[in-house]
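Right, one structure below, let's go through it.
Counting convention: from 1, in listed order, for ligands and their atoms alike.
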Amino acid sequence: MITKKINIIEFGFEKLVDWLLARNIESYRAEQVFKWIYLRQADSFNHMTDLNKEMRTLLSQHYSIRRLEKIRVEKSRDGSSKYLFRLKDGQYIESVLIPERDHYTLCVSSQVGCAQGCRFCLTGRDGFIRNLTKSEIVSQVRDISRDIVDSVRFTNIVLMGMGEPLANYKNVLSAIQIITDNKIGLNFSNRRITLSTVGLIPNLKYLGRDTRVNLAISLNATDNRTRDMLMPVNRRYPIEKLLDACSRYPLQSSRRITFEYVLLKDINDKPEDAKRLARLLRPLKAKINLIPFNDYEGSEFVRPEESIIHQFQEMLLRKNYTVIIRDSRGQDISAACGQLRAKTNGERRKSEKQKRLYDTTEKFSGYQFLSHY
Ligand code: SAH
Ligand code: SF4
């Protein structure tokens, strides 16, 4: 008797082909199965009408098609939605769906917590718990895609949620391969996926070799002393080594590397910083995203005043850079990277009873919480 079914999203296409061949079943059946799972969002093998009954039974005896457990969705005034998922081992992750003018962008997590310990980041403050599996990363995209009514407009993905994607390279790469596969995957374009990293140089090289996704580098400072203080990773991979690796990064024609720069009052927001930033990026094909620091309770940093933010942008524009001020979306519901989960952990510490309430609500409807915001 079979007791534990295998999660087919984690198992994957190649292994299913082998498994079928070992039973003298044609390999194209695996293609049919994965088309149902990703393109048609099937939740049961019984729905796969182009497979015969015997095969559907065989597959459902051995495999399951799982979704993440959706705990709640918080909707922001600006239209973005934060999804909170609970994983099999009780850990929480978040994904943020952002409606843009003509499309949706989904911000996806790659780890539970993060080991990089950037001082301004709430995810970093709680430390590292574990890597997400391939299926946990892919399922954020698959599950949320099912929720979107006009899902054809869901075209963009940013790996900018919780965690450092290049510290979970193997699983992130496998997930990207599925997300971009147009036969047995989710059929997203590489051009519309962006991976954001603090710049773990060895894996940065592999990323350039193995994928065609866009690259974003969290630079956040223009001198090593400040970056050392803000981002411990800088002691291993200082600015000059990181930028050198960026200059060797294989870029498709007309593409540029995005440099993210979190603006922190009196730390990295002076005119000299803007000048140094312009000089540092000069040899590269670069564009710049300025992210005004997103405040949270107990943070030691402050967001600069609007006039300073615009002055900083202006100086870079004058040096002919494309510079976007990217304010974190959904500020009214629990702002940037990692803050939703941190809030939930706080709530859990405060009240186990409240947590049980989430559990009960979820049984009725995953959307229950929407009505409260
Ligand atoms: N670990 C990756 C991706 C996740 S963080 C990375 O660091 O690049 C995504 C972006 O959010 C990074 O550019 C990071 O610098 C920024 N960020 C983190 N905490 C922030 C905060 N409180 N306010 C504004 N930006 C923040
Ligand atoms: Fe990790 Fe990115 Fe936060 Fe740094 S900014 S702690 S790398 S998630």
Side-chain angles (χ1 to χ4, degrees), residues 93-96 98 105-132 137 140 157-169 172 175-176 193-201 203-204 207 213-222 226-237 242 246 257-265 267-269 277 286-304 309 312 324-331 333-343:
I93 52 161
E94 64 173 15
S95 321
V96 185
I98 304 158
T105 298
L106 182 68
C107 180
V108 169
S109 292
S110 58
Q111 298 183 309
V112 183
C114 183
Q116 303 302 318
C118 303
R119 262 172 81 170
F120 50 82
C121 173
L122 201 53
T123 304
R125 202 175 63 172
D126 283 353
F128 173 69
I129 295 172
R130 70 169 173 85
N131 283 330
L132 294 190
I137 300 169
Q140 293 171 62
I157 293 173
V158 290
L159 278 147
M160 289 185 189
M162 290 165 56
E164 166 48 51
L166 292 190
N168 182 17
Y169 188 71
V172 165
I176 290 173
I193 299 179
T194 302
L195 181 146
S196 170
T197 173
V198 289
L200 305 178
I201 292 177
N203 287 349
L204 197 56
L207 187 76
V213 298
N214 294 303
L215 177 63
I217 298 280
S218 294
L219 191 60
N220 300 336
T222 54
T226 310
R227 198 164 190 266
D228 279 352
M229 183 273 285
L230 293 174
M231 306 171 72
V233 69
N234 198 61
R235 288 176 217 140
R236 231 182 327 153
Y237 304 119
L242 174 57
C246 288
I257 298 176
T258 302
F259 287 86
E260 294 163 287
Y261 194 92
V262 177
L263 278 168
L264 305 160
K265 185 181 163 82
I267 305 281
N268 63 3
D269 63 344
L277 183 57
K287 56 183 171 178
I288 300 166
N289 275 6
L290 299 175
I291 318 173
F293 175 64
N294 205 14
D295 247 316
Y296 51 87
E297 213 180 290
S299 80
E300 59 181 311
F301 299 104
V302 177
R303 175 191 168 111
I309 297 169
F312 201 94
I324 290 165
I325 299 175
R326 207 196 72 200
D327 242 318
S328 308
R329 299 289 294 267
Q331 297 211 30
I333 47 170
S334 20
C337 178
Q339 292 188 20
L340 184 65
R341 174 177 156 270
K343 185 174 140 193

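Atom CD1 of Ile288 sits about 4.5 Å away from atom CG of Leu277, to the nearest 0.5 Å.
Against a heavy-atom cut-off of under 4.0 Å, Thr197 is close to the following atoms of ligand 1: 8 (O). Using a 4.0 Å cut-off to heavy atoms of Gly124, the atoms of ligand 2 that qualify are 6 (S). Per-residue contacts place Cys121 under 4.0 angstrom from the following atoms of ligand 1 (heavy atoms of the residue considered): 18 (C), 19 (N). For ligand 2, the atoms closer than 4.0 angstrom to any heavy atom of Val198 are 7 (S).
Of the candidates Gly161, Ser218, Ser196, Pro165, it is Gly161 that places a heavy atom closest to atom 4 (C) of ligand 1. Of the candidates Asn294, Val108, Leu195, Asn294 brings a heavy atom nearest to atom 24 (C) of ligand 1. Between Phe120, Phe259, Tyr296, it is Phe120 that holds the heavy atom closest to atom 20 (C) of ligand 1.
Every heavy atom of Ser299 sits 4.0 Å or more from the atoms of ligand 1. Assignment of Ser218 to the shell around ligand 2 is not supported, since no heavy atom sits closer than 4.0 Å. The shell of residues lying under 4.0 angstrom from ligand 1, judged by heavy atoms, excludes Cys118.
Side-chain contact of Thr197 with Glu164: a donor-acceptor pair under 3.5 Å is present, judged by distance alone.
At a cut-off of 2.8 Å, Cys114 is counted among the residues with an N, O or S atom near atom 1 (Fe) of ligand 2. Here Cys118 does not reach atom 3 (Fe) of ligand 2: none of its N/O/S atoms is less than 2.8 Å from the metal.
Some N or O of Asn220 is nearer than 3.5 Å to an N or O of ligand 1, by distance alone. Polar contact with ligand 1: present for Gly163 (N/O pair, distance under 3.5 Å).
At distances below 3.5 Å, not a single donor-acceptor pair connects side-chain atoms of Arg130 with backbone N or O atoms of Val112. Listed for the Asn234 side chain is no donor-acceptor partner under 3.5 Å among the backbone atoms of Met229. Between the side chain of Asn168 and the backbone N or O of Ser110 there is at least one donor-acceptor pair closer than 3.5 Å. Without hydrogens or angle criteria, Tyr169 side chain to Leu207 main chain gives a donor-acceptor distance under 3.5 Å. Side-chain atoms of Asn203 come within 3.5 Å of backbone N or O of Leu166 as a donor-acceptor pair. The backbone N or O of Asn220 lies less than 3.5 Å from no partner atom in the side chain of Arg227, so there is not a single donor-acceptor pair.
Between Gln140 and Ser95, the closest heavy-atom pair is OE1-OG, 2.9 Å.
Within 6.0 Å of atom CD in Glu300, more than 12 heavy atoms from other residues, nucleotides or ligands are found, so the atom counts as buried in its surroundings.
At a heavy-atom cutoff of 4.0 Å, ligand 1 is contacted by the side chain of Glu260 but not by its backbone.
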